[in-house]
> 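Take a look at the following structure, please.
Letters A, B, ... are given to chains in the order of the sequence lines, protein chains preceding strands, and every chain is numbered from 1.
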Protein chains: 2
Amino acid sequence: MTLHSEILEQPARLEGLLKNQKQAVQEIARQIRARDIQYVFLTARGTSDNAGRYANYLWGAYNGLPLALATPSLFTYYQAPPRLRNALVVGISQSGQSPDIVSVLEEGRKQNCLTLAIVNNPDSPLARAADLVLDVQAGEEKAVAATKTYTAQLMALAMISAALDESASRWDELAAIPALASQTLTLDADIARMAQRYRYMRQCVVLGRGFNYATAFEWALKLKELTYTSAEPYSSADFQHGPIAMIEGGFPVLAIAPTGKVHDSMKAMLSKLRKEHSAELVVISDDASTLALAQSPIPLPHPIPEWLTPIVGILPAQLFACHLTSVKGLDPERPRTITKVTETH
Amino acid sequence: MTLHSEILEQPARLEGLLKNQKQAVQEIARQIRARDIQYVFLTARGTSDNAGRYANYLWGAYNGLPLALATPSLFTYYQAPPRLRNALVVGISQSGQSPDIVSVLEEGRKQNCLTLAIVNNPDSPLARAADLVLDVQAGEEKAVAATKTYTAQLMALAMISAALDESASRWDELAAIPALASQTLTLDADIARMAQRYRYMRQCVVLGRGFNYATAFEWALKLKELTYTSAEPYSSADFQHGPIAMIEGGFPVLAIAPTGKVHDSMKAMLSKLRKEHSAELVVISDDASTLALAQSPIPLPHPIPEWLTPIVGILPAQLFACHLTSVKGLDPERPRTITKVTETH
């Protein structure tokens, strides 16, 4: 199965990216530092947009960079792009093809901003529109649902963050990730069994916070694309501001809650959902007491530096979505309706 | 019924806000123009966050201001706020109480940014933390689900946009909104009848794009808070990048598609959903051929200037959520779980 093998291929791809592109990343960081960048203006769609959500927290927390997620229709339909003074304009895309994403980079360049494309295809319109190009080298992705390009994008963003910091210790933490990813993927058979229980799940909520806000979005997106489940992602804080009202007994809540600064708040929310709402919980965590709240606990290796938990934490979520697809009698290779390259304007 | 009467109260509240606060808004705009603002850093939760989504398009398209939506947990849990140079830091909140929103404004002030609070309570922690305060004067909102404070926030953002532009014609367009809102609310009885059809709807998707991306989010939030329906909002572009896979025959898609620059793309998506996916469509629009695609068409007055369609377009959506709540035998005054003031950290 192509999707499954691309999921399993990720540790090797991450290792290759770390080794082959460290120098390119350091050069990109050098050029970013040479400019008076005041904020990042980032554009992406779908899975790549979830990588952008990771950048929002990571580059904010470690590099002091505020990040604005672009609204591409301002550049295309409205033809009213904002003034991008002192912005680093970043486009993330697997294919590098989507015209609306390309138009944001072109406008950035026209306004004399430094532009960076993070792509899996360095010979693409997006790459050609950018001053700086980082090829995430995930290899051709054949499955329609993106998996290995997502973790490669996260790794690329994490490498840029470490390089901007010139932090040797953070590079050491990065180097440990491929092995932690391999260890996590040994959950494969357990997750295949666990997925049985969700054969008739039609809707669910997916929670994450901080660095793993991105993981919640990406887990939900895989479930929608592959299993046609109505899976809605939230930060646990936004969830409290209204949507929690829809949780009744047995309602499935999927959560990514590794140890780290937001862990206590995630755990408190999960405890409340289990005890007061009788929710059904699927929880990815490296904390035993948090896992104990779940009907379906998915253990992560411990410890993983919090800033890198999204790269490891999405892996069991991908496996969960992949196996649930088979359990539901659907074809993971041919999700209905969607295509590999989606061109939006 | 408090919720229903607060919905009907909106034209008068909007008219009052326009009249009473024009001068205050012009003074705020003057102070913003006096600074070298390079981008907006905006923080909000829940309904107020949806008002922020409107600002993202509106201030981008009309005022050339890129807008970053803040990630409050960076300021609270991670205590790693980004460097906010040359940012206008804006907080939007009904109550002005949520500690995480207040902490973003406090940090902005500490970093010598100009800070603006848009609140319904000028004697609140958020107002006290800001250099500039705009009271949206919606009156006390008793219903748990916010309606009149949302349209007041949109109106406040629109007034600031017009004032920054110093555009007399845009002020004239604003002045027409209360009457258009009144006209739209005459749909009340029709929408009450229409809601019957959705008695057993458990999940749906809500689509909007451009200025009305915010409307899709707010319509979905009202459905979740009041009817416990799993309602997921998307821009039609993001929807194409994966989630469209979950639409099968009869799946309800709610859409806000007034005439304007993104109308053709919305209409093409709705046509595809009806013809190729046999989706069930509830459509709010002022275009007859777009309404003709829907099983449940909700006509808006025509014309409404596109930038102001979110203020008028949310009204039938609020009525739809309110009536569907009653149709489902639920109490619109007492949504389970949520409270009027949600304090997140």
Side-chain angles (χ1 to χ4, degrees), chain A residues 38-39 41 45-47 49 56-57 60-62 64-69 71-74 77-78 80-87 100 202-203 205 209-210 213 221 224-226 228-230 232 235 237-238 240-248 261-262 265 277 335-338 342 344-345, chain B residues 38-39 41 45-47 49 56-57 60-62 64-69 71-74 77-78 80-87 100 202-203 205 209-210 213 221 224-226 228-230 232 235 237-238 240-248 261-262 265 277 335-338 342 344-345:
Chain A
Q38 303 202 352
Y39 68 101
F41 193 75
R45 291 264 184 216
T47 292
D49 201 28
N56 199 355
Y57 285 86
Y62 280 93
L65 288 167
L67 190 145
L69 291 172
T71 47
S73 68
L74 281 187
Y77 288 97
Y78 292 103
R83 289 182 299 275
L84 301 169
R85 285 182 295 163
N86 301 305
D100 53 355
R202 301 268 309 171
Q203 50 181 307
V205 153
R209 201 175 179 185
Y213 185 57
L221 182 57
K224 283 182 278 203
E225 289 177 328
L226 290 165
Y228 318 137
T229 305
S230 175
E232 195 166 5
S235 90
D238 290 326
Q240 257 180 282
H241 283 261
I244 194 173
M246 70 182 166
I247 304 302
E248 51 191 19
K261 292 203 169 145
V262 293
S265 91
H277 296 255
R336 65 190 182 209
T337 313
I338 56 173
T342 310
T344 44
H345 295 265
Chain B
Q38 303 202 353
Y39 67 101
F41 194 75
R45 292 262 185 218
T47 292
D49 202 27
N56 199 355
Y57 284 86
Y62 280 92
L65 287 167
L67 189 146
L69 290 171
T71 49
S73 68
L74 281 185
Y77 288 97
Y78 292 103
R83 288 182 299 277
L84 301 169
R85 286 182 295 162
N86 301 305
D100 52 356
R202 302 268 308 171
Q203 48 183 307
V205 153
R209 201 173 179 186
Y213 185 56
L221 182 57
K224 284 182 278 204
E225 288 177 329
L226 290 165
Y228 319 137
T229 305
S230 175
E232 196 167 4
S235 90
D238 290 326
Q240 256 181 283
H241 283 262
I244 194 174
M246 69 181 167
I247 304 304
E248 51 191 18
K261 291 202 169 145
V262 294
S265 89
H277 296 256
R336 63 189 185 211
T337 312
I338 56 174
T342 309
T344 45
H345 295 265

> Is Y39(A) in contact with chain B via its backbone, its side chain, both, or neither, using a 4.5 Å heavy-atom distance?
side chain
> For the interface with chain B, which of R202(A), E248(A), Q38(A) has the highest count of heavy-atom pairs at distances below 4.5 Å?
Q38(A)
> Can you give me the closest heavy-atom contact between Y228(B) and A245(A), atom names plus distance?
CD2-O, 3.3 Å
> Under 4.5 Å heavy-atom distance to chain A, tell me which part of S235(B) shows up: side chain, backbone, both or neither.
side chain
> Does any backbone or side-chain atom of F41(B) lie under 4.5 Å from a heavy atom of chain A? Answer side chain, backbone, both or neither.
side chain
> When rounded to the nearest 0.5 angstrom, what distance separates CZ in R45(A) from CG in D238(B)?
4.5 Å
> Is L67(A) close to chain B through its backbone or its side chain, or both, or neither, when contacts mean heavy atoms under 4.5 Å?
backbone
> For residues N86(A) and R85(B), determine if any side-chain heavy atom of one lies less than 4.5 Å from a side-chain heavy atom of the other.
no
> Is it the side chain or the backbone of L69(B) that comes within 4.5 Å of chain A heavy atoms, both, or neither?
backbone
> Given that the side chain runs from C-beta out, which part of Y57(A) has a heavy atom under 4.5 Å from chain B: side chain, backbone, both or neither?
both
> How many angstroms lie between CE in M246(B) and OG in S230(A), if you round to the nearest 0.5 Å?
5.0 Å
> Under a 4.5 Å cutoff for heavy-atom pairs, which residue among P66(B), S73(B), G46(B), A68(B) has the most contacts with chain A?
P66(B)
> R209(B): which residues meet the salt bridge (Lys or Arg N to Asp or Glu O under 4.0 Å) condition with it, sequence neighbours left out?
none
> Find the one option among G210(A), P72(A), P81(A) whose heavy-atom pairs under 4.5 Å with chain B are most numerous.
G210(A)
> Does any non-hydrogen side-chain atom of D100(A) lie less than 4.5 Å from one of Y77(A)?
no
> Partners of R83(B) by salt bridge (Lys or Arg N to Asp or Glu O under 4.0 Å), sequence neighbours excluded?
none
